[in-house]
Structures are given as C-alpha cells and as structure tokens.
Undergrad: 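Take this structure first; my questions come after.
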Protein chains: 2
Amino acid sequence: MAKEAYIPCLLDIFRRYGYDGATLSKISQATGLGKASLYHYFPHGKDEMVSTVLDFLEKWFQQNILEVLRGQGTVLSRLSQMCEQVIQVYEGGEQPCMCAILLMGSGRDIFHAKVNLLLRTWIDEIARVLQTEGLDQAIAKERAEDALIAIQGALILVQGLNDTTPFLRIMKQLPQQICRSICNI
Amino acid sequence: MAKEAYIPCLLDIFRRYGYDGATLSKISQATGLGKASLYHYFPHGKDEMVSTVLDFLEKWFQQNILEVLRGQGTVLSRLSQMCEQVIQVYEGGEQPCMCAILLMGSGRDIFHAKVNLLLRTWIDEIARVLQTEGLDQAIAKERAEDALIAIQGALILVQGLNDTTPFLRIMKQLPQQICRSICNI
DNA sequence: GTCTATAAAAAGATAGAC
DNA sequence: GTCTATCTTTTTATAGAC
C-alpha cells in the first residue's frame, strides 16, 4: 500500500484534532496501521505526515484553485468556479481549514512558512485576475485579502455555531462581492 | 497570590500554543510556578485553567463589547467603539482569538458550548442594534454574522501573513460596512 | 502557598520477528 | 509491509516537607 493512500485519513485526523491533538495513537487507530507501520511510511513521524498532507493540498490548490483562476471565462465566472472548489474542499463548511489548524498550536513554528506561501500565492492570484480587468492594483490586493478573510472567517464561525449556513451564504455572495466595481459599472 | 493574577499569563500561553500544545511544563515556566503550585490554584488541571481564562474573557466581553453595543450614541458610533475594543483585546491583530484556538484541537469537545454561546450572544447583540435602527431582522442577523466573520477571518489571515495590516484595515472599515444601508439612506 | 520528589499515564520512537 | 514488544521521553498528577 502506498503512503499516499493514507492522506485522506491523515487530513481528516489533523483537521479534527489539530497538530498537537493528533496523537500517534489516534492516527494509528484511524488509519488501522500500527505505530511501527506509520514510521515505515513516515520515518520522521508526525511532522512528515503533516508535510505529506500539505504537499497534497498544495497540489490540489494548484490544480483546482490557481488553474481555475488562470483559466477561461469572465472574472465573475472564474471566481464562482473558485468558490465551488472551496465549498468542495471544506465539505460545505463541515471541515476546518488545514492552514488555520496549523496556525493554531505548536505546529505553527514548523509549518508557518508553507502556510504563509500558500496564502500569499492565493491572494496574489485573485488580485492578478481583478487587475487584468482594470481594477487598481492596491484595491485588487485588498479585495483578494477580503476574499480569504471571508472564507477563513466563515469557516471559524461555522465551527463555533455548528451550522454551515453562514459559510454557504458567504460563498454564494463572494464572487459578486469581490468584483463589485467591475460588474456594477 | 490570587489565582486571578495568573490569568493574563495563562491567556498568553493558550493563545500561543493552543489547548493541546500548552503543556504544564510550558505553563509552569511562563507563570514561574511549579507544577504542584499550579494544581494548588487549579485542582482540575489544565481544563480548569482554560475555564478560568474563559470566565475572565466572558466578563471582559460583557463589560467591553455588550455594554458598548447597548450604550448611548448612534449605531455607527457604537460599532466603532466595539471595533476599538476588539483591536485592544487582540492587540492590533498580534494575538489570535481564544475562541478560534479552542475550536481547533481536542479542546473543542470540552469548551464548544461556551464558545458557541459567546459567539451567538455577540451576533444577537449586533443584530439587535441594527434592528432598532430599522434594519430588517434577517438582514441584521446576516450583517452581524458578517462582522464576526470579518474579525475572525482577519485574525487568521494576519497570523498566516505575519502582518497585521489587513486586520487593522478591516477593523477600520467594519462599522461603515455593517450599517451601510442605514447610513447611506 | 511553594517547593522537591515521585509516581502514573500517555506520547513518541525503535528493534526485530514474520 | 505489518506486527508485537519494548524503550525513552514527555505529560499529567499527587504526596508530603517547609
């Protein structure tokens, strides 16, 4: 069995318990693998598991977010496609964001650089899309930040309220919201 | 020394390391108290420390957020005052939110009810303020949710970017944003 | 109230059989 | 590749002296 097969399970565990809360015992139980087997796949232990999951998510991000933003169609259409992907990956708001998870707790020191890069890349790409449609550079960057703030904030609130409604509402409104001066002129 | 004296230090530790990452060793080092002394103040261990911190934050929230929202002045002025308090408590975006911290990790199971109540209370109070100024009930609730989403999302983004600028920008824009149809008519 | 010392439990990690 | 067994380290918790 290839170690990639365990990524969905690992992702689930880390999102559920966080970096510090995801103990090897829990991971062992969830994957059905003994601790020794886990070290066979991931010689450097938990950190390597997180790294593997992050690499997977980065690839997913490249293929499903960046690709869509760089693709064909109007700005509005591209942002809508992005939002659909976002809804998918967070399972309609049921799942927290791995980036946020890693920023809370002692995993922060280890993985901050990767999370930082991913967030900046995302912001830059949204801003680029808005700019190509004539939006001022500074405004475009702020709008892109606003988009990520809305996504991350909605995911947090939804976790706290135990109700995904606000997340789905925000995702529905986001495309119009972000390119408002472009569409409304 | 009363145990209340250690609350700021405990708050700092939990915000920095999260529930699972905040070990007794770290807490011992940060407070300058031996482990046995910690159990003298908090017989039930870490959970009681978190509970004490949460009680403190709840009181702060009552006195500095709810009080302001229920106070004198225009809607815009009250929301502005709220935002100033928010900037204070999160130290201009440097500090993460204790609610978000507790929602990520295994502390979630223990403290979710308290976090949930606090978030709902906050939303309800903002919505109430907007309603008294004639805003439709459903819209007011969505706007209140939007406010918390903006705050929480900005705090996450700022942690990821290591730059508090977006948080301060969001806080500056928030009052106008939230009561826009009231002010713009 | 604070400490030292220590115990008990859990987590992280490895050796070696199959 | 997976396991049992074991080991080390860390974490949690307590007893008892001062």
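Lettering follows sequence order; numbering is per chain, from 1.
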Undergrad: Mind listing the residues from residues 42-53 of chain A sitting with a heavy atom below 4.0 Å of DNA chain D? Number order is fine.
TA: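 Result for residues 42-53 of chain A: none.
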Undergrad: Which label fits Tyr90(B) and Phe167(B): parallel for a plane angle under 30°, tilted from 30 to 60°, or perpendicular past 60°?
TA: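 Ring orientation, 0 to 90° scale: perpendicular.
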Undergrad: Which listed nucleotide (dT2(D), dA13(D), dA11(C)) is nearest to the side chain of Tyr39(B)?
TA: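 Comparing dT2(D), dA13(D), dA11(C) against the side chain of Tyr39(B), the answer is dA13(D).
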Undergrad: Apply side chain to side chain contact (heavy atoms under 4.5 Å, CB included) to residues Lys114(A) and Asp55(A) and explain how you reach the verdict.
TA: CA-CA 9 Å; Lys114(A) 281 203 168 193; Asp55(A) 288 346; 2.7 Å; yes
Undergrad: Scan residues 6-34 of chain B against DNA chain D and write down, sorted by residue number, each residue with any heavy atom closer than 4.0 Å; if none is found, say none.
TA: Thr23(B), Leu24(B), Ser25(B)
Undergrad: Please confirm whether the backbone N or O of Leu69(A) pairs with a side-chain atom of Arg78(A), one donor and one acceptor, at under 3.5 Å?
TA: yes
Undergrad: Rounding to a whole Å, what distance do you find between His40(A):NE2 and dT14(C):P?
TA: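 Nearest whole value for this atom pair: 15 Å.
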Undergrad: Should the heavy atoms of other residues, nucleotides or ligands under 6.0 Å from NZ of Lys141(B) be counted, would the total exceed 12?
TA: no
Undergrad: Should Ser37(B) be listed as having a side-chain N or O under 4.0 Å from OP1 or OP2 of dG1(C)?
TA: no
Undergrad: To the nearest 0.5 Å, what is the distance between SG (Cys99(B)) and CZ (Phe111(B))?
TA: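 So the SG of Cys99(B) and the CZ of Phe111(B) are separated by 12.0 Å.
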Undergrad: I want to verify a distance call: between dT12(D), dT2(D), dT2(C), whose nearest atom is closest to the Tyr41(A) side chain?
TA: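 Looking only at heavy atoms from C-beta outward on Tyr41(A), the closest nucleotide is dT2(D).
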Undergrad: For the NZ atom on Lys3(B), are there more than 12 heavy atoms of other groups (residues, nucleotides or ligands in this structure) within a distance under 6.0 Å?
TA: yes
Undergrad: Find every protein N or O atom lying less than 3.5 Å from an N or O atom of nucleotides 15-18 of chain D, and list the pairs.
TA:
none

Undergrad: Starting at NZ of Lys3(B) and ending at C1' of dG1(C), how long is that distance when rounded to a whole Å?
TA: 15 Å
Undergrad: With a 6.0 Å cut-off (strictly less than), is the heavy-atom count around CD of Glu4(B), excluding the residue itself, greater than 12?
TA: yes
Undergrad: For Gln137(A), I'd like to know if atom CD has over 12 heavy atoms of other residues, nucleotides or ligands within 6.0 Å.
TA: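 No, not enclosed.
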Undergrad: Just wondering, more than 12 heavy atoms not from Gln29(A) lying within 6.0 Å of its CD?
TA: no
Undergrad: Could you label the plane-to-plane angle of the Tyr6(B) and Tyr41(B) rings as parallel, tilted or perpendicular, counting under 30° as parallel and over 60° as perpendicular?
TA: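 It falls in the tilted class, 30° to 60°.
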Undergrad: Quick check on Gln72(B): does its CD atom have over 12 non-hydrogen neighbours (other residues, nucleotides or ligands) under 6.0 Å away?
TA: no
